Amino acid sequence: MSQQHIRVRFAPSPTGPLHLGGVRTALYNYLFAKKHGGTFILRIEDTDKKRFVPNSESYILKTLKWCHIEPDEGVGYGGPYSPYHQSKRINIYRYYINQLLNNGYAYYAFETDDDLGIKRKEYKNMGLTFSYNYENRNKLDNSLNMTKEQLKKKLDICSSYVIRFKINPGEKLKMHDIIRGWITIHTDQLDDKILLKSDGVATYHLASTIDDHLMKITHVIRGEEWLSSLALHFLLYRSFGWDPPNFAHLPLILKKDGKGKISKRNPENFPIYPMQWINGDTIIPGYKELGYFPDAFVNMLALLGWNPGGKREIFSLQELVKTFSLSRIKKSGVFFDIKKVYWFNKKYLISKKEEVFSFMCKKMQKNFILYEKDYLWKVIHLTINRIHFIHEIWEHSFYFFTPPSYYDTYFLRKIKNNHEQIIFKLKNAKLSLYKINPFTYVNVKLFFQKYENKCRIKMMQLFRFALVGNLKGVDLFTILEMIGKKESIQRLDNLINKIK
RNA sequence: GGCCCAUUCGUCUAUUGGUUAGGACGUCAGGUUUUCAUCCUGGAAAGAGGGGUUCGAUUCCCCUAUGGGCUACCA
């Protein structure tokens, strides 16, 4: 296994935006490929015309790019096994299905979807489950029950048919999964799955089996929802006389509220899209738009169902590649915790001060604020641990550059009720402030220490309110020293005018 | 219903026969911060249940329960 060139594929269908689970599947494929110096391939499984959603493909491409898990080969990247859209490979599937037909592994079936729907209902009413399988196929309208001539005639009149895979009972299949070990399934339980739909397009089972073989995929890493189809896929490989690839079925990401796996259809109480998705008039923001860093997002995703064994949790993509292994993937489904991503983002944020700096620079330019680099750096160091996202930095640091344009209404009302006394205090304080020379942290601190305990706290509260607009923020003496005497007095005046 | 897969603190997880069952997020309490946040310290918090196997089971086996997947001319 270690000798061969590893080739893995991420094969989403363009039925909408990729969600968390899809991105994680792509990530694990990417990690596994990179770890072994292999090739990561993107194949688009667009065999379902009905569910096709425009823009999904570009969304998938953009998302992988944003996450820095770009394919080496496939849709958007080219490669020796093109085309990588299944819709463009229909003739290939037809060629191979003929092989199956000729060898007796597949047969024509003429029931329509509606016919079968009725049949299922009938069975259900009797307390049974209808299955198109070895028990029933002899009673149904298919080529198994016809002579060659009859079939020919039927095909001449009836243009609508499907091709089913003939599964023989009585065999116990033992299949290996890298994550789960050996899995046993009896062929009696399988039904004759449709391989070619009446619109002439192959189903997932056929298309992916053929493509995985033709594209020389060595490891199929996909969600656990495929585990039940594993036997079918094994049988398909065997019918073609091909060696199956290795399989690894990933645990599903489960919904926290309600039941089931996460899906595009049922929105969660946390964002499930990596990037924004525009659906008509509604825009659903993704992690990117919400301010999450791709590396924090990817780091969190990697640890959802897998971990390298130690106590460390922060890993760069390169470190993930280095430590990744399929054998350490968990078997059980996982619940997603938005608070943990929030924490991850903060961890990444404090290591991205340069990005915060350039964000602030742009903000300043936009607001026509002049600043000095050193001053800005100091502000960032003072405020960065108060935020989780870059875009939050301004609301926590504006007062170092510009007076508050808004005062906390609750406290404002409180001091307005007592404004004469407050104004008196502020005016007195202003006079004292003039005399502080130089206007340094230490001297400002000394000034406040002249007040008695109770008074001092109230005074500091007032000052903070005048400077910041509310009762939260960086150490008061630091703010005073940084914005300087003139600006400080100006802001006291502002407040006095406000409450007059 | 049938089949398949799973089951360690609320959540993500470590521990692959012998541990006071460890960490992280969250949570609670205390401390630092003359505010808030950060930070520091500490606490509460888990092997689904029942049988085996074994000197000894979270770890191996069986049953039950629970959760999940599949059961489409969807992937």
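Per chain, numbering begins at 1; letters A, B, ... match sequence-line order. Since the model is a prediction, treat every value here as computed from it, not as a measurement.
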A:Val162 near the nucleic acid: base, sugar-phosphate alone, or nothing, with a heavy-atom cut-off under 4.0 Å? base

From NZ of A:Lys119 over to C1' of B:rU71, roughly how many Å is that when rounded to an integer? 19 Å

For the C1' atoms, the ones on B:rG50 and on B:rC55, what distance do you get once it is rounded to whole angstrom? 23 Å

B:rA37 -> Watson-Crick or G-U wobble partner, both distances under 3.5 Å, gives none

From the list B:rC12, B:rA75, B:rC73, which nucleotide is the closest neighbour of the side chain of A:Phe335? B:rC12

With respect to the phosphate group of B:rU15, does any side-chain polar atom (N or O) of A:Arg328 fall under 4.0 Å of OP1 or OP2? yes

Name the one of A:Lys331, A:Lys330, A:Arg180, A:Arg24 that satisfies salt bridge (charged side-chain N to carboxylate O under 4.0 Å, His left out) with A:Glu224? A:Arg180

Applying the 3.5 Å cut-off to both distances, the Watson-Crick or G-U partner of B:rG1 turns out to be B:rU71

Please work out if A:Leu471 contacts a base, only the sugar-phosphate, or nothing of the nucleic acid, heavy-atom cut-off 4.0 Å. base

Count the heavy atoms of every other residue, nucleotide or ligand shown that sit under 6.0 Å from NZ of A:Lys352, and state whether that count exceeds 12. yes

A:Glu313 side chain: which of B:rG23, B:rU34, B:rA75 is closest? B:rG23

How is A:Asp113 classified with respect to the nucleic acid when contacts are heavy atoms under 4.0 Å: base, sugar-phosphate, or nothing? base

Counting the atoms with a prime plus P, OP1 and OP2 as sugar-phosphate, which does A:Thr47 contact under 4.0 Å by heavy atoms, base, sugar-phosphate, or nothing? sugar-phosphate

Classify A:Glu45 by what it touches in the nucleic acid, base, sugar-phosphate, or nothing, heavy-atom distance under 4.0 Å. sugar-phosphate

Does the side chain of A:Lys340 get closer than 4.0 angstrom to OP1 or OP2 of B:rU27 through an N or O atom? no

Whole-Å C1' distance, B:rC74 and B:rG51: 43 Å

What is the nucleic acid contact for A:Asp475, judged by heavy atoms within less than 4.0 Å: base, sugar-phosphate only, or nothing? base

Can you say whether a donor on the side chain of A:Arg180 sits under 3.5 Å from an acceptor on the base of B:rC5, or the other way round? no

In terms of the nearest nucleotide of RNA chain B, which residue is placed more toward the 5' end: A:Leu303 or A:Trp343? A:Leu303

Atom CD1 of A:Ile118 and atom P of B:rC73 are separated, to the nearest Å, by 14 Å

Need one value for A:Gly310: base, sugar-phosphate or nothing, where a base atom within 4.0 Å counts as base even if backbone is also close, heavy atoms only. nothing

Determine the sole option in A:Ile479, A:Leu480, A:Thr478 for which the side chain to side chain contact (heavy atoms under 4.5 Å, CB included) test with A:Met482 is passed. A:Thr478

Which nucleotide wins on minimum distance to the side chain of A:Gln189, given the candidates B:rC3, B:rC73, B:rC25? B:rC3

Please determine whether a side-chain nitrogen or oxygen atom of A:Arg222 lies at a distance below 4.0 Å from atom OP1 or OP2 of B:rC70. no

Quick one: label A:Ser131 by what it contacts on the DNA or RNA (base, sugar-phosphate, nothing), any heavy atom closer than 4.0 Å. nothing

Against the side chain of A:Glu225, the closest entry in B:rC12, B:rG68, B:rA75 is B:rA75

Within the structure, does a side-chain N or O atom of A:Asn307 lie under 4.0 Å from either OP1 or OP2 of B:rA14? yes

Between B:rC9 and B:rC28, how many Å separate the two C1' atoms, rounded to a whole number? 15 Å

Within the structure shown, what part of the strands sits under 4.0 Å from A:Gly309 by heavy-atom distance: base, sugar-phosphate, or nothing? sugar-phosphate

Does a donor on one side chain sit under 3.5 Å from an acceptor on the other, for A:Ser131 and A:Asp191? no

Would you please confirm or rule out a distance under 4.0 Å between OP1 or OP2 of B:rC74 and any side-chain N or O of A:Lys50? yes

Quick one: A:Leu227 CG to B:rG67 C1', roughly how many Å, whole number? 16 Å

Base partner of B:rC25, which must satisfy Watson-Crick or wobble distances under 3.5 Å: B:rG10

Which nucleotide in the set B:rU35, B:rC74, B:rC3 lies at the smallest distance from any side-chain heavy atom of A:Arg464? B:rU35

Output the single nucleotide from B:rU34, B:rC74, B:rC4 whose closest atom is nearest the side chain of A:Thr203. B:rC74

Report the base-pairing partner of B:rU54 (Watson-Crick or G-U wobble, both distances below 3.5 angstrom), or none. none

Could you tell me whether A:Glu313 and A:Lys347 have a side-chain N and a carboxylate O separated by less than 4.0 Å? no

Between the base of B:rC4 and the side chain of A:Ser228, is there a donor and acceptor pair under 3.5 angstrom? no

May I ask you to say what A:Phe344 touches in the nucleic acid, namely base, sugar-phosphate or nothing, with a heavy-atom cut-off under 4.0 Å? nothing

Name the residue from A:Phe463, A:Tyr441, A:Phe447 that meets the ring-ring contact (aromatic ring centres under 6.0 Å, His included) definition with A:Phe477. A:Tyr441

With rounding to whole Å, what would you report as the distance between B:rG30 and B:rG10 at their C1' atoms? 23 Å

Using a 6.0 Å cut-off, check whether atom NZ of A:Lys425 has over 12 heavy atoms from anything other than its own residue. yes

Has A:Lys154 got its NZ or CZ under 6.0 Å from the middle of the six-membered ring of A:Tyr108, at an angle within 45 degrees of the ring axis? no

Does A:Lys197 place a side-chain N or O at less than 4.0 Å from the phosphate oxygens OP1/OP2 of B:rC74? yes

Does A:Val201 reach a base, just sugar-phosphate, or nothing at all? Heavy atoms under 4.0 Å. nothing

